[in-house]
Every structure is written in C-alpha cells, then in structure tokens.
> 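Take this structure, written in structure tokens, and hold onto it; I'll ask about it next.
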2 protein chains.
Amino acid sequence: MNPQIETRSKIRADIIKALAHPSRVLIAEALSDGERCVQDLTKLVGADISTVSKHLSIMKKSGWLEVEKRGLNQFYRLRCPCLLEFFRCVDLINQVRPKNIENQGCC
Amino acid sequence: MNPQIETRSKIRADIIKALAHPSRVLIAEALSDGERCVQDLTKLVGADISTVSKHLSIMKKSGWLEVEKRGLNQFYRLRCPCLLEFFRCVDLINQVRPKNIENQGCC
DNA sequence: CATCTATTTGGCTTTTATGCCAAATATATA
DNA sequence: TATATATTTGGCATAAAAGCCAAATAGATG
C-alpha cells in the first residue's frame, strides 16, 4: 500500500479515535455550546476528575480542543464547529444502522 | 447524568469507533469510490483476509456499510456519502492540530 | 509564606481491541 | 458429487485504552 496513504489513514484514525468514547462525545457536545472548565465537565461526565483530564488531553492533542487558563481554571473549547456536522452524520448512520432486523437505504 | 444522553453518547461513540482504525479509514475511503469485494479490500489494506473481514463486519454492524452477495463474492458499499464530509472535517482538524509547537485558530 | 483550589501526571490493574492461524461455511464449477 | 474459491468464525496471544488512586504541580488567597 502507498505509504503516504497509509500515513494519512493513520492520522485520520487518530483524530477519529479521539472522539470514539462516550465521555469524549459528551464533552464535545457540551463544548459545542461554549467553553467549560474541567470541574464542570467532570460533573457532566460523572467519572474521576483525573480520568476526565486525560480525556481532555487526548482531545486537545488530536486537535479537537484548545485550552485557555484563567485563574485556577483551564477552560477548554472546541476548535471547529464542523464537529456538529460530524455528529449529524453519525446520527444519520444510527438511523439506518441494522438493529438486528435488516433495513435499507439512507440519505 | 441524564441516562438518555448517556445512551446517545454511547451509540455515537460506537459508530465513531467503527471508523477509528487506519484500515477501516482506508476501507471507507476506497468504498466511497464504489463497492468492493473482500479480496480487493484485503489487497488494499495488506492484512490477513480474516482481519479485513472482521473490520468489515464491525463497519457493517455500526451502520456504515451494507453488503450484497453476488456469486462467491460479498460486495461491500458505503451506506452514506456523508462520510466524505466527515473526513473533510477530520482533515481540517489535522491542519490545525498542535504539532508539538502551538498554533492557533481554525475554520 | 502557608494553605486552599483546580488540574495534571504516574503507576497500576482491568477491560477492550487487534491480528493471525486454523477450521467452518457457502457457493460455484468440473 | 468432489473440488476450488471467497468469506466468515472461533480461539488465542499480544497490544492498546480506560479508570482509579495517590502524588505532583500551578496558581490564588489569607
């Protein structure tokens, strides 16, 4: 396989992976409404704060989030609104996904 | 946390997870150009055919792919063209992703 | 400066995902 | 019916991801 395409697929997969977890999806959704600090996101997710911090770090590293420190808080925000389209696409797939019984067609 | 939202995040994460692997990204990209059988995708990916078959099964179960049998072959195809937008979004994130050195802004 | 709050990091265990081989299944064709 | 081709499935070993606790760091505030 073409090594360039291999690299590109790897990069894309890494970025997609950074969203491929229920807590991270939830975080992304929350941030589409505006920036939040770690505590608030921790309340939302309902996991240990260290776990949430690690999720945020994964999302930041991948490019989905940026962060700004103000006082004691780190405020995370979404870098691109395109994420919302991303979710619309995913929800569409969910509608056509085979739920044990076969179904057809899509958009 | 609201259990409905929890469920929805889980569903979304499962669908996203079905793309979160370099081989599956590559497969998705190839299929955006039209249906392919397992052998062809195996050549493309360069893994064992049983591995590729399992990737395809994950993608099918999640709703991304559908399959049609003709003769000895199983032809897989993309269910929704929205996947291509999905990748455009991902590539955009890659452009703004921090590559060790900090960078700013986006779309 | 001591202390408090917010967040991150290290370390470790448990869970989940991946990949190959071998075997099974399904279908075409001699 | 025997055989060949295409694909899937089971099983197992290895690798990667997740989650918690405890400890470290960073910055505010008394």
Side-chain angles (χ1 to χ4, degrees), chain A residues 1 6 9-28 30-31 35-77 98 100 102, chain B residues 1 6 9-28 30-31 35-77 98 100 102:
Chain A
M1 191 209 324
E6 189 173 7
S9 302
K10 171 103 180 49
I11 290 171
R12 284 177 166 178
D14 282 339
I15 293 173
I16 295 169
K17 228 179 284 190
L19 287 179
H21 186 287
S23 302
R24 298 201 287 264
V25 167
L26 197 59
I27 288 168
L31 294 183
E35 62 175 23
R36 297 280 148 71
C37 69
V38 183
Q39 297 186 86
D40 287 354
L41 293 170
T42 299
K43 276 175 216 142
L44 177 75
V45 166
D48 191 276
I49 194 169
S50 69
T51 301
V52 173
S53 175
K54 278 174 188 173
H55 282 310
L56 289 167
S57 138
I58 289 166
M59 295 175 81
K60 189 181 125 209
K61 185 148 90 55
S62 72
W64 288 111
L65 305 186
E66 58 188 358
V67 65
E68 185 188 337
K69 180 153 208 174
R70 292 203 301 277
L72 284 175
N73 298 293
Q74 298 274 112
F75 289 92
Y76 282 89
R77 50 177 175 261
N100 225 335
E102 285 308 313
Chain B
M1 192 208 328
E6 190 174 6
S9 301
K10 172 103 177 49
I11 290 170
R12 283 176 166 177
D14 282 340
I15 294 173
I16 294 169
K17 230 179 281 191
L19 288 179
H21 186 286
S23 301
R24 298 201 287 265
V25 166
L26 197 60
I27 288 169
L31 295 184
E35 62 174 25
R36 297 279 149 72
C37 69
V38 183
Q39 295 185 90
D40 287 353
L41 293 170
T42 298
K43 275 176 216 141
L44 176 74
V45 166
D48 191 275
I49 193 170
S50 69
T51 300
V52 173
S53 174
K54 279 174 186 173
H55 281 311
L56 290 167
S57 139
I58 289 167
M59 294 175 82
K60 188 180 127 210
K61 185 148 93 48
S62 72
W64 287 111
L65 305 186
E66 58 189 357
V67 64
E68 185 186 336
K69 180 153 206 172
R70 291 202 303 276
L72 284 176
N73 298 294
Q74 299 274 112
F75 288 92
Y76 282 89
R77 51 176 175 261
N100 224 335
E102 285 309 310

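The sequence lines fix the lettering, A, B, ..., with proteins before strands; numbering per chain opens at 1. Every value quoted in this text rests on a predicted model; they were computed, and no experiment measured them.
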> Could you list the residues that satisfy side-chain hydrogen bond (donor to acceptor under 3.5 Å, both in side chains) with A:Ser50, not counting sequence neighbours?
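Here the qualifying residues are A:Asp48.
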> Without decimals, in angstroms, what is the distance between A:Arg24 CZ and D:dA18 C1'?
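The answer, rounded to whole Å, is 9 Å.
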> Please list, one pair per line, the donor and acceptor atoms closer than 3.5 Å that link side chains of residues 19-28 of chain B to other protein atoms, with sequence neighbours excluded.
unit_1: B:His21; atom_1: ND1; unit_2: B:Ser23; atom_2: N; d: 3.0
unit_1: B:Arg24; atom_1: NE; unit_2: B:Ala18; atom_2: O; d: 3.0
unit_1: B:Arg24; atom_1: NH1; unit_2: B:His55; atom_2: ND1; d: 3.0
unit_1: B:Arg24; atom_1: NH2; unit_2: B:Lys17; atom_2: O; d: 3.1

> Please tell me which of the listed nucleotides, C:dA6, D:dG19, D:dT7, lies nearest to the side chain of A:His55?
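The nucleotide sitting nearest to the side chain is D:dG19.
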> Considering just the side-chain nitrogens and oxygens of A:Gln74, establish if one lies under 4.0 Å of OP1 or OP2 belonging to C:dA6.
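Result: no.
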> Taking side-chain hydrogen bond (donor to acceptor under 3.5 Å, both in side chains) as the definition, give me every residue that meets it alongside A:Glu35, ordered by chain and number, with sequence neighbours left out.
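Counting only residues at least two positions away or on another chain, A:Glu35 forms a side-chain hydrogen bond (donor to acceptor under 3.5 Å, both in side chains) with A:Arg70, A:Arg77.
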> What string of B, S and - do you get for nucleotides 20-30 of chain C, 5' to 3', when a contact is any protein heavy atom under 4.0 Å?
BBB---SBS--
> For A:Val52 and for B:Ala20, locate the closest nucleotide of DNA chain C by heavy-atom distance; then report the residue assigned to the nucleotide nearer the 5' terminus.
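Final value for this comparison: A:Val52.
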> Whole Å only: how far is the CE atom of A:Met59 from the P atom of D:dA17?
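Rounded to the whole Å, the gap is 16 Å.
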> Please identify each residue that fulfils salt bridge (charged side-chain N to carboxylate O under 4.0 Å, His left out) with A:Asp40, with sequence neighbours left out.
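With sequence neighbours excluded, A:Asp40 shows a salt bridge (charged side-chain N to carboxylate O under 4.0 Å, His left out) to A:Lys43, given in chain and number order.
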> Which listed nucleotide (C:dT8, C:dT7, D:dT8) is nearest to the side chain of A:Tyr76?
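Closest of the options to the side chain of A:Tyr76: C:dT8.
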> Would you jot down, in residue-number order, the residues of residues 10-19 of chain A having a non-hydrogen atom under 4.0 Å from DNA chain D?
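A:Lys17, in order of number.
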